[in-house]
Amino acid sequence: MSATCSIPFNGTPEQEKKLNTVIEKYKDVSGSLISVLHEAQEIYGYLPIEVQKMVSEGINVPLAEIYGVVSFYSQFTIKPKGKYKVAVCLGTACYVKGAGEIIDRIKTRLGIEEGDCSADGKFSLDATRCIGACGLAPVVTVNDDVYGRLVPDDIDGILDKYTD
Amino acid sequence: MEREVITMKLARSHVLVCGGTGCTSSGSEKLLPEFDIQLEKAGIKNEVSVVKTGCFGLCALGPIVIVYPEGAFYSMVKIEDVKTIVTEHLLKGRIVKELLYDDSIDGAAIKPLKDVDFYKKQLRIALKNCGVIDPEEIDEYIAFDGYKALGRVLTEMEPKQVIDIIKQSKLRGRGGAGFPTAIKWEFAANQPEGKKYVCCNADEGDPGAFMDRSVLEGDPHSVIEAMAIAAYAIGSDEGYIYIRAEYPIAVRRLNIAIEQAKKYGLLGKNIFGTDFSFDLSLRLGAGAFVCGEETALITSIEGKRGEPRPRPPFPAVEGLWGKPTILNNVETYANIPQIILNGAEWFLGIGTEKSKGTKVFALGGKINNTGLVEVPMGTTLREIVEEIGGGIPNGKKFKAAQTGGPSGGCIPTELIDTPIDYDSLIEIGAMMGSGGLIVMDEDSCMVDIAKFFLKFTVDESCGKCVPCRIGTKRMLEILEKITSGKGTVEDIENLKKLAGSVKSSSLCGLGQTAPNPVLSTLKYFEDEYMAHVIEKRCPAGVCKDLLRYIIDKEKCKGCGICAKHCPVTAISGELKKPYEIDQQMCIKCGVCEIKCPFKAISRK
């Protein structure tokens, strides 16, 4: 993994307040680390080391253990995501129907690899596990928008919609 | 208890709009408010009830809308079609034929749904309520005999009798390996009294499988009810559903369902006025395939890295937080209330000798009717692919079906008439798995498919044991060598040997089954592997490094369009004379093939 857009951490006091509420809620619940991390990622969009430290101190779990969990699960990300999160489903149904060519086309167009974010912070690209919309294979999502039954030539038209 | 009963009001027509993930992705959410607007405009809002249901199964044709009492099956409904359906069908009583699903039209009449090819051979037990009720309304579940099984169990049966019924029914776990459900329950029940847990595995990680998600989205209460029944049978008072965070709709509906069940006193203290209490909560997964393995899943519920541990002790003896725990899959649970209500005898009457009941499959890949199907065990692959699935698109030929995802194998054409059950699949080197069934046609390269699955397991291997962590990686490297044209016959031998070692020495099910896709493609398609290593050719034309794009001199008119579009200027020639591709420079992007107006370029 390269750190194409390793922008410095700039959490706001509001975010920290929200995180503290989450920590308060789960502090005494055993086995709640994953739930805390899910909500922390909701708040910050990603889990940089600064956030992991706050969680560690808040729920009294060693930072090493937290980093271990964050790096184990693919839903957790240490790198920030772009304004538009482009995700290509690489489930079997999508793969058999040509998702490989779709992701290649997006990589060329955005000039980034999987897991990275474009330099202007606008687009990030991920290959995801099956999202279960196999009837529409191959599928690409951009934030909450779902695009299905795609061919590589559709990609430009889709990405052109996200200009602002 | 005071409550409003709005969902059960009498309406002359019911409009069921699919709210499953497939149809939602193709825009079904937008249809609901549009129906409201159009019904209001037509002044018949009070006469027609619009219900958002779970999955109807035919995801390829979504969004799907079914209008009762006629049973009109509208497919690929667009927002502008809503007005037509309201003004023509609902107001004037004229079914809008041009919007109906083709196969549901029979001359001048429309066929009842049960006669449509897609549904004809299906038998819905686990999916009984999917696409029938509104999953967000507990009253609708109750109206379809919901929580009746739990009531019967709690008020009329001893825990042992419950286990006995499940044992007699011969129900086997639907999560993959097919372990008898009642045996697990019995182990846990026989542990000394004290804290015990009931867990549900809803971490459906197989790529291309969405059976469990559809049950949870379409009928969440059936799983909640079954877990309460299981808790009563083993003497537990607390349960967890471990669900993938990638399934937002299912998570939302489960949360709603748990809240409603609590409000109705069907979860919580003293259920049905008995001494039995049961509480249930959700735990979200965070994207790790290995968490589908039971010991890994339990570790993950505890908030740790989801790594498996050796068994025994089995979870039924020592599970969550060291307490006896039973863990069943979503589809297994969905069968339980039906078995209690209809009896073991009824269940025994369905399926094959050793595999009773039905199995839900997620049909995907190169098949016309992509979607969700539930068939009795023993249905042949041919029936599923050709009759229910509607065959292969674009007139292509069936090559193989892959079951069991990264743990499974493929079923080639010559075995298409095998009746599918747990044991027959193991015999031919595949496995039931959770029920993903991906169809492949002649354009799919089997070496590439094996590589795809191995890449998946390499990514998902938790790294705890060496055979899986390093063995799968070395296997993947060999496959990459083969697909890039550098493979040798010796590589294939090494691949087989390595597969055997990984299979026999890995710690958990993930590693032990990881070589299956390779072994089964080698078994049935060794010639394809040989073509890659000896002739340096990919017969299906998938492996890029082995492809050659060739211009057919007879067909080429010398227009130069290919040369204009080639990104690396590998094509040259004189106008009006046949062009040529420089194979050294060609990067095999395929643009020329797409752009050629005379179809003179092909890949070999």
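Values below: every heavy atom of this structure, side chains too, minus hydrogens, waters and symmetry copies.
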Worksheet entry | Contact leader toward chain A among B/Glu302, B/Met440, B/Arg305, where contacts are heavy-atom pairs under 4.5 Å | B/Arg305
Worksheet item: Within a radius of less than 6.0 Å around NZ of B/Lys323, do more than 12 heavy atoms belonging to other residues, nucleotides or ligands occur?
Response: no
Worksheet item: Non-hydrogen atoms of chain B under 4.5 Å away: do they reach the side chain of A/Ser30, the backbone, both or neither?
Response: both
Worksheet item: Just wondering, do A/Val36 and A/Val61 contact through their side chains at under 4.5 Å, heavy atoms?
Response: no
Item to complete: Under 4.5 Å, counting heavy-atom pairs only, tell me which of B/Ala60, B/Gly27, B/Gly371 racks up the most with chain A.
Response: B/Ala60
Worksheet item: Tell me, side chain or backbone of A/Asp104 under 4.5 Å from chain B's heavy atoms, or both, or neither?
Response: side chain
Practice prompt. Check each atom of B/Leu284 against the heavy atoms of chain A and say whether the ones under 4.5 Å are side chain, backbone, both or neither.
Written response: both
Discussion item. Is there a side-chain contact between A/Leu90 and B/Phe456 in this structure, where contact means two heavy atoms from C-beta onward sitting under 4.5 Å apart?
Written reply: no
Worksheet item: Is the shortest heavy-atom distance from the side chain of B/Glu593 to the side chain of B/Arg603 under 4.5 Å?
Response: yes
Worksheet item: Taking B/Gly22, B/Ser26, B/Ala286, B/Pro248 one by one, which has the highest count of heavy-atom pairs under 4.5 Å against chain A?
Response: B/Ala286
Discussion item. Just so I understand: if I count every heavy-atom pair under 4.5 Å between each of A/Ser74, A/Gly91, A/Cys89 and chain B, which residue has the most?
Written reply: A/Ser74
Worksheet item: Heavy atoms, side chains only, cut-off 4.5 Å: are B/Val385 and B/Ile367 in contact?
Response: yes
Fill in: Most contacts with chain A, counted as non-hydrogen pairs under 4.5 angstrom, among B/Asp448, B/Asp206, B/Leu58, B/Thr21
B/Asp448
Worksheet entry | Part of A/Leu136 within contact of chain B (heavy atom distance under 4.5 Å) | side chain
Fill in: Within 6.0 angstrom of A/Asp120 CG, more than 12 heavy atoms from elsewhere
yes
Worksheet item: Can you check whether A/Lys83's main-chain N or O pairs, donor with acceptor, with A/Asn143's side chain at less than 3.5 Å?
Response: yes
Worksheet item: More than 12 non-hydrogen atoms from neighbouring residues, nucleotides or ligands closer than 6.0 Å to NZ on B/Lys588, yes or no?
Response: yes
Item to complete: Measure distances from B/Ile301 to the heavy atoms of chain A and classify the residue's part below 4.5 Å as side chain, backbone, both or neither.
Response: backbone
Discussion item. When you measure from the side chain of B/Thr457 to the backbone of B/Leu454, do you find a donor-acceptor pair of N or O atoms at a distance under 3.5 Å?
Written reply: yes
Worksheet entry | B/Val290 portion near chain A, given a 4.5 angstrom heavy-atom threshold | side chain
Worksheet item: Is there side-chain contact between B/Cys59 and A/Cys134, with at least one heavy-atom pair below 4.5 Å?
Response: no
Practice prompt. Could you tell me whether A/Lys81 and A/Asp126 have a side-chain N and a carboxylate O separated by less than 4.0 Å?
Written response: yes
Worksheet, complete the sentence: residues 147-162 of chain A vs chain B, non-hydrogen distance cutoff under 4.5 Å, contacting residues -> A/Arg149, A/Asp153
Worksheet entry | Heavy-atom contact with chain B under 4.5 Å, split by part of A/Ser71 | side chain
Worksheet item: Heavy atoms, side chains only, cut-off 4.5 Å: are A/Leu125 and A/Glu113 in contact?
Response: no
Worksheet item: Of all of B/Ser25, B/Gly365, B/Cys589, B/Ala362, which one pairs up most often with chain A through heavy atoms under 4.5 Å apart?
Response: B/Ser25
Response to the item:
Heaviest contributor of heavy-atom pairs below 4.5 Å to chain A, chosen from B/Pro406, B/Gly205, B/Ser300, is B/Ser300
Fill in: Heavy-atom side-chain proximity of B/Asp459 to A/Arg129 below 4.5 angstrom
yes
Worksheet item: Which of the residues A/Thr92, A/Val146, A/Val96 is involved in the greatest number of heavy-atom pairs with chain B at under 4.5 angstrom?
Response: A/Thr92
